[in-house]
Number of protein chains: 2
Amino acid sequence: MSRSGADLALLLLGGFRSLVDAATAELARRGYEDVRPVHDFAMRAITAGADNASELGRRLSVSKQAAAKTIAVLQERGYVARDTDPRDARRKRLHVTPLGFEVLRQGEAVFDELRDQWERQLGAAELATLETHLATLVGARPVRLDAPGWIAQDLGESV
Amino acid sequence: MSRSGADLALLLLGGFRSLVDAATAELARRGYEDVRPVHDFAMRAITAGADNASELGRRLSVSKQAAAKTIAVLQERGYVARDTDPRDARRKRLHVTPLGFEVLRQGEAVFDELRDQWERQLGAAELATLETHLATLVGARPVRLDAPGWIAQDLGESV
DNA sequence: CTCGTTTCGACAACCTTGTTGTCCATGACA
DNA sequence: TGTCATGGACAACAAGGTTGTCGAAACGAG
């Protein structure tokens, strides 16, 4: 019974959403409400060296204005902080706060737990195979997490 | 090398986006630009019996106002048409036009071609296994395609 | 040293896809 | 007939993104 291509797309989306929805819920349960993937993604980029809004925008493939808005939210929640750069007065150096790191750590743990759960359902070897195959198909293309409503914009067809 | 849970989520998202982006591009190439997944989804629901805005909203788990906006777009493009219901003057009966059906048909074909491509890369049996496993993990939960920016809102963590 | 160019950050206006709230016309029913 | 439910339209607003503009600071060439 060969499934249709549209079904396959739906399966992938469904898998992703299952994971993500569960993770979001668990994070909220642990006291980190309002944590969004974009936030996590941004914090990782900041940790990795994107210490100003313009650079963060570039790394996330988003306009610097959008990056600035994300930063504003993160800052408001206390996940990142900014101070002026003594060497370049135009910049405000960004860094992730201990609280921000805690969110990152917990988020990772939650996702790993979910993966373990799937592993118990499918078996370690099976899940590993599935991952390998997906990796083959997806390739090394970086995944962008931006673009609000992209699901509605890009999801081209038949899904 | 056990991958992390976050990577798994990213793989799923990546797979989905690969498919969808390719399909959108191909559809555009065939002359159907600006076709969005939501449109396809909505047309299917209309075909399946959601012949008015309120009902469509319910089926798509979206407010009737949002459904009405989608309908307005579809109508403008000529994919659906509306006429008054002779038995209930409050209603405007919806139906998909031949052009709309053509879009649906082509969209399906595009997705199937993409699936075939993956099948050639992985082998029929392997892809079937992958699909079966995903289906197991995802369960029968219907996938909602709504919520603008849900990716940014729900993607909870670590992804 | 000064002038032009580039870069950062902020502000404003606008788009898109949702959401609620409100309202009227119509239909269903007691 | 009077009351209540429903469909559709309109308005106001939210979230996330975009582009355009602009001032301040830095850099580099004369």
Side-chain angles (χ1 to χ4, degrees), chain A residues 24 33-42 46 49-77 80-94 144-156, chain B residues 24 33-42 45-46 49-77 80-95 144-156:
Chain A
T24 306
E33 310 195 17
D34 280 340
V35 177
R36 305 275 174 272
V38 166
H39 302 155
D40 183 281
F41 208 61
I46 292 168
D51 69 345
N52 65 76
S54 296
E55 179 58 26
L56 182 61
R58 270 180 238 119
R59 301 241 190 151
L60 300 181
S61 307
V62 135
S63 65
K64 63 180 178 178
Q65 289 86 342
K69 291 187 191 176
T70 301
I71 291 170
V73 173
L74 288 172
Q75 195 176 358
E76 187 189 325
R77 306 230 171 108
V80 307
R82 306 202 302 175
D83 46 43
T84 56
D85 188 325
R87 289 171 310 182
D88 186 340
R90 292 172 307 178
R91 306 196 174 199
K92 304 274 181 71
R93 276 184 314 186
L94 283 169
R144 290 180 50 178
L145 282 184
D146 54 321
W150 67 260
I151 188 183
Q153 288 164 1
D154 296 350
L155 214 196
Chain B
T24 305
E33 309 195 18
D34 281 340
V35 177
R36 305 275 174 272
V38 165
H39 302 154
D40 183 281
F41 208 61
I46 292 169
D51 69 344
N52 66 74
S54 296
E55 178 58 26
L56 182 61
R58 271 179 238 119
R59 302 241 190 151
L60 300 181
S61 307
V62 135
S63 65
K64 63 179 178 181
Q65 290 86 341
K69 291 186 191 178
T70 301
I71 291 169
V73 173
L74 288 173
Q75 195 174 359
E76 187 189 324
R77 307 229 171 108
V80 307
R82 305 201 304 174
D83 45 42
T84 55
D85 188 325
R87 290 172 308 182
D88 187 340
R90 289 172 307 178
R91 304 195 176 200
K92 304 273 181 72
R93 274 185 315 186
L94 284 170
H95 60 269
R144 289 180 50 180
L145 283 185
D146 54 320
W150 68 258
I151 187 184
Q153 290 165 0
D154 294 351
L155 215 196

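Naming convention: chains lettered A, B, ... in sequence-line order (proteins, then strands); numbering from 1 in each chain.
In this entry the distance linking CD1 of A:I71 with P of D:dG16 reads 15 Å, nearest Å. With rounding to whole Å, B:N52 atom CG is found 7 Å from D:dG7 atom C1'. Rounded to whole Å, atom P of D:dG7 lies 19 Å from atom NZ of B:K69. At whole-Å resolution of the value, CZ in A:R36 and C1' in D:dG17 are 16 Å apart. Following rounding to the nearest Å, B:D85 (CG) and C:dA28 (P) show an atom-to-atom distance of 10 Å. B:R87 has its CZ atom 15 Å from the C1' atom of D:dG7, to the nearest Å. Distance, B:L56 CG to D:dG8 C1': 13 Å, rounded to whole Å. At whole-Å resolution of the value, CZ in B:R82 and C1' in D:dG7 are 10 Å apart.
Within 3.5 Å, no donor on the side chain of B:K92 pairs with an acceptor on the base of D:dG7, nor the reverse.
Summarising the geometry, atom CG belonging to A:N52 is positioned 10.0 Å from atom NZ belonging to A:K64; distances are rounded to the nearest 0.5 Å. The distance from atom OG1 of A:T24 to atom CZ of A:R36, rounded to the nearest 0.5 Å, is 7.5 Å. Put simply, CG on A:D51 and CG on A:L56 are 10.0 Å apart, with the number rounded to the nearest 0.5 Å.
Of the candidate nucleotides C:dT20, C:dG9, D:dG8, D:dG8 has the atom lying nearest to any side-chain atom of B:S54. Among C:dT17, C:dG9, D:dG17, the nucleotide with an atom closest to any side-chain atom of A:R91 is C:dG9.
For the pair B:S63 and C:dT19, the criterion of a side-chain N or O lying under 4.0 Å from OP1 or OP2 is met. Between A:R58 and C:dT7, a side-chain N or O to OP1/OP2 separation shorter than 4.0 Å is absent.
A:R93 comes within contact range of no nucleotide atom at all, as no heavy-atom separation falls under 4.0 Å. Among the protein residues, A:A53 comes within range of the sugar-phosphate backbone only, with heavy atoms under 4.0 Å from sugar or phosphate atoms but none that close to a base.
Every side-chain hydrogen bond (donor to acceptor under 3.5 Å, both in side chains) that B:E55 has, sequence neighbours left out, goes to B:R58, B:R59.
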Would you sort out whether B:R93 and B:D83 count as a salt bridge (charged side-chain N to carboxylate O under 4.0 Å, His left out), showing the intermediate values?
-> CA-CA 5 Å; B:R93 274 185 315 186; B:D83 45 42; 3.6 Å; yes
Nucleotide by nucleotide, 5' to 3', does protein get under 4.0 Å of the base (B), only the sugar-phosphate (S), or neither (-) in nucleotides 20-25 of chain D, counting heavy atoms?
-> B---BB
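Side chain of B:T70 to backbone of B:A66: a donor-acceptor contact under 3.5 angstrom is found.
Shortest non-hydrogen contact noted between B:A53 and B:A67 is O-CB, 3.5 Å.
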